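Please read the structure below before turning to the comments.
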Amino acid sequence: MRTAPARFFAFPAMSAAAAIAAPPRHSRPSPLNPNATAMANTTKPNAVCTKTHLANLDRLLLRPPPLPLPVRPKKALADESGGGDREETAPDSDERKGRRGGLLNALNLSTFLPFTGRPATDEMSPRSLAQMQRLLTLSPRPSPRGSIAAEWRRYHGEGAWKGLVDPLDQNLRREVLRYGDFVQAAYTAFHSMPSSPSHGHGQHRTLVLPDRSYRPTRSLFATSSLSIPPWAQRRSAPKWLTQRTSFAGYVAVCDNEREVRRMGRRDIVIVLRGTATCPEWAENLRTGLVPVSDDDDSDDATAAQNVPKVAKGFLSLYKTAGDHVPSLSDAIVEEVRRLIEVYKGEELSITVVGHSLGASLALLAADELSACLAADAASNSTAADDHQPPPISVVSFGGPKTGNRAFADRLQHERGVNVLRVVNAGDVVTRVPGLVTPTTMAEGYVHAGGAELTLDSRDSPCLRPDAGPACCHDLEAYLHLLDGFMGSGRPFRADASRSVAGLLIYQRTSVKRAYVERARVLGFEPAAMPRTATANGAGAADGQYGFLASPS
């Protein structure tokens with residue numbers, strides 16, 4: 001059978017017109033924002049930080065638009081919100097509808113259980129259309145790339161990122177943001193064709209990453225050992241929601257020589273998304289601790305507490321093979337070994353990155369890779385050439401507890417894996433598994449050792465202060481907070497450059513009303529974009545990166 005060539009579909013990003021420079025402080029109100037003066041005089045005291053954050057972005061707005069931006073009449077805006085006197089006291093109908101989905105919508109369970117939410121208060125934040133337009137652009141604006149070649153091992157985790165996390169080093173911020181965007185690309189790729197066949201060895205799709213310095217080399221699939229019985233399946237639910245084997249991520253390698261020189265090594269990255277299907281959610285609930293390998297099992301109760309153990313469901317997804325694909329474990333080890341052979345003799349590093357469930361799978365992958373590559377290096381080394389395996393680090397976004405103390409200690413001390421945990425203070429997922437059983441009481445779950453970078457949704461000038469659990473766990477919210485984080489007790493970074501358009505797409509009901517209203521004025525309407533809920537609260541937002549790939 002003839003195979004169709006790979007095709008790339010370009011989805012034009014929804015962008016506003018070019019930005020306008022903000023008027024001087026004492027000039028008359030802008031004709032594009034007649035209420036600018038009134039808003040400045042009536043802004044609530046607790047919005048000062050937000051206004052300062054936005055005002056400092058004005059210097060980036062250099063070119064005026066060729067045509068005036070459209071401004072909706074006050075009457076139209078009042079009609080949409082149900083009356084002018086209700087604009088700041090009650091969310092609009094779309095907002096109430098979105099909040100009704102809330103956490104259950106983010107967990108892909110909104111079709112099975114009812115949910116009601118409580119409306120919350122909001123604040124006015126932006127003072128001009130120019131500022132809003134700058135924040136609503138979908139074009140990428142990464143932080144400046146500084147050379148890290150001389151200290152790449154430190155940025156890769158050697159020394160547990162001491163002195164780089166709090167306050168946050170700008171080079172580390174950029175590296176971690178890039179890894180987070182790689183996970184967003186995995187979510188987007190999954191939802192672009194969630195039910196596509198997973199035959200062969202995972203080369204059924206081509207993925208274009210947001211950073212073209214990296215090239216995907218292999219798709220990864222996770223298979224659940226559980227299946228959803230027919231009586232529990234709803235006819236209205238899509239078929240992919242109950243499939244046992246699903247696209248879970250990919251392996252990529254940096255093949256841009258200029259970027260390799262900047263980073264000081266060639267980086268191999270394993271990217272793993274969070275929970276998306278019902279069998280995966282069922283595996284999440286299997287919190288009993290089991291040995292990582294059969295060799296670790298012991299009948300002695302005292303010795304058993306020193307055996308590395310992890311959650312049964314996580315291990316099942318990692319080790320179970322599909323009908324047409326190898327297990328996630330075998331695929332990762334095989335592909336990493338292949339790439340190490342391809343780039344033999346070069347300085348290499350391995351970074352495993354994941355969000356939510358993917359963060360736990362990343363720890364399992366790092367643990368196994370470390371053991372396998374150390375054994376390979378020992379067998380290939382000679383007296384004249386002491387061959388060392390590439391260093392391995394894990395970047396975890398919103399990851400749950402994965403195993404017991406023995407597993408965490410082995411990962412950090414015996415395996416030498418560096419773990420950077422990025423957590424949101426309001427994210428409940430980082431505090432689970434929380435089910436108390438005799439086994440967990442005796443041995444207990446702990447987080448893997450390393451460095452922890454703690455964020456807080458309440459520090460954001462864009463998010464509502466009462467953002468719910470779905471927003472606190474959302475990956476795009478994590479990346480937004482990371483872009484503005486400078487250090488504990490410090491204000492949100494005034495020159496944060498990440499667009500809030502992703503937040504409007506994925507967590508619209510948690511974004512302050514002023515941003516939502518200005519987005520409508522600028523012609524950016526995220527409510528009209530397709531959405532399919534996942535563990536990160538995100539869906540297939542076409543055009544986020546400008547490209548999605550079709551099966552080859």
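Everything numeric in this text was worked out from a predicted model, so none of it was measured.
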Q: Could you tell me how the ring of Tyr250 sits relative to the ring of Phe247: parallel (under 30°), tilted (30 to 60°) or perpendicular (over 60°)?
A: parallel
*Answer yes if the side chains of Arg286 and Ser224 hold a donor-acceptor pair under 3.5 Å, and no otherwise.*
no
The residue among Thr287, Asn404, Thr402, Val310 that forms side-chain contact (heavy atoms from CB on, under 4.5 Å) with Tyr445 is Thr287
Tightest non-hydrogen contact, residues Ser147 and Arg262, listed as OG-O, 3.6 Å
- Task: Keeping the roles fixed (side chain from Glu175, backbone from Met263), state whether a donor-acceptor pair exists under 3.5 Å.
- Result: no
Heavy atoms of Pro391 and His156 approach each other most closely as O-CE1, 3.3 Å
Closest non-hydrogen contact found for Tyr155 with Asn171 is OH-ND2, 3.5 Å
message: Under a 3.5 Å distance rule, please check whether Asp483 uses its side chain to pair with a backbone N or O of Ser497 as donor and acceptor.
response: yes
With Leu361 as partner, the option from Leu328, Leu315, Leu220, Ile332 fulfilling side-chain contact (heavy atoms from CB on, under 4.5 Å) is Leu328
request  = Using a strict cut-off of less than 4.0 Å between a Lys/Arg side-chain nitrogen and an Asp/Glu carboxylate oxygen, indicate whether Glu259 and Arg212 qualify as a salt bridge.
outcome  = no
In short, Ala470 meets Gln507 closest at the heavy-atom pair O-NE2, 3.7 Å
**OP:** Report yes if the distance between the aromatic ring centroids of Phe492 and His480 is under 6.0 Å, otherwise no.
**Re:** yes
- request: Return yes if a side-chain donor-acceptor contact under 3.5 Å exists between Ser227 and Arg244, otherwise no.
  value: no
* Taking the side chain from Arg421 and the backbone from Gly449, do they hold a donor-acceptor pair closer than 3.5 Å? -> no
query = Step by step, would you call Glu414 with Asp409 a side chain to side chain contact (heavy atoms under 4.5 Å, CB included)?
reply = CA-CA 7 Å; Glu414 182 179 337; Asp409 289 343; over 6 Å; no
Check whether any side-chain N or O of Asn424 sits under 3.5 Å from a backbone N or O of Cys472 as a donor-acceptor pair, and report yes or no. yes
Q) Given the side-chain rings of Phe190 and Trp240, with only the six-membered ring counted for Trp, is the space between their centroids under 6.0 Å? A) yes
With Val422 as partner, the option from Thr454, Leu455, Thr430 fulfilling side-chain contact (heavy atoms from CB on, under 4.5 Å) is Leu455
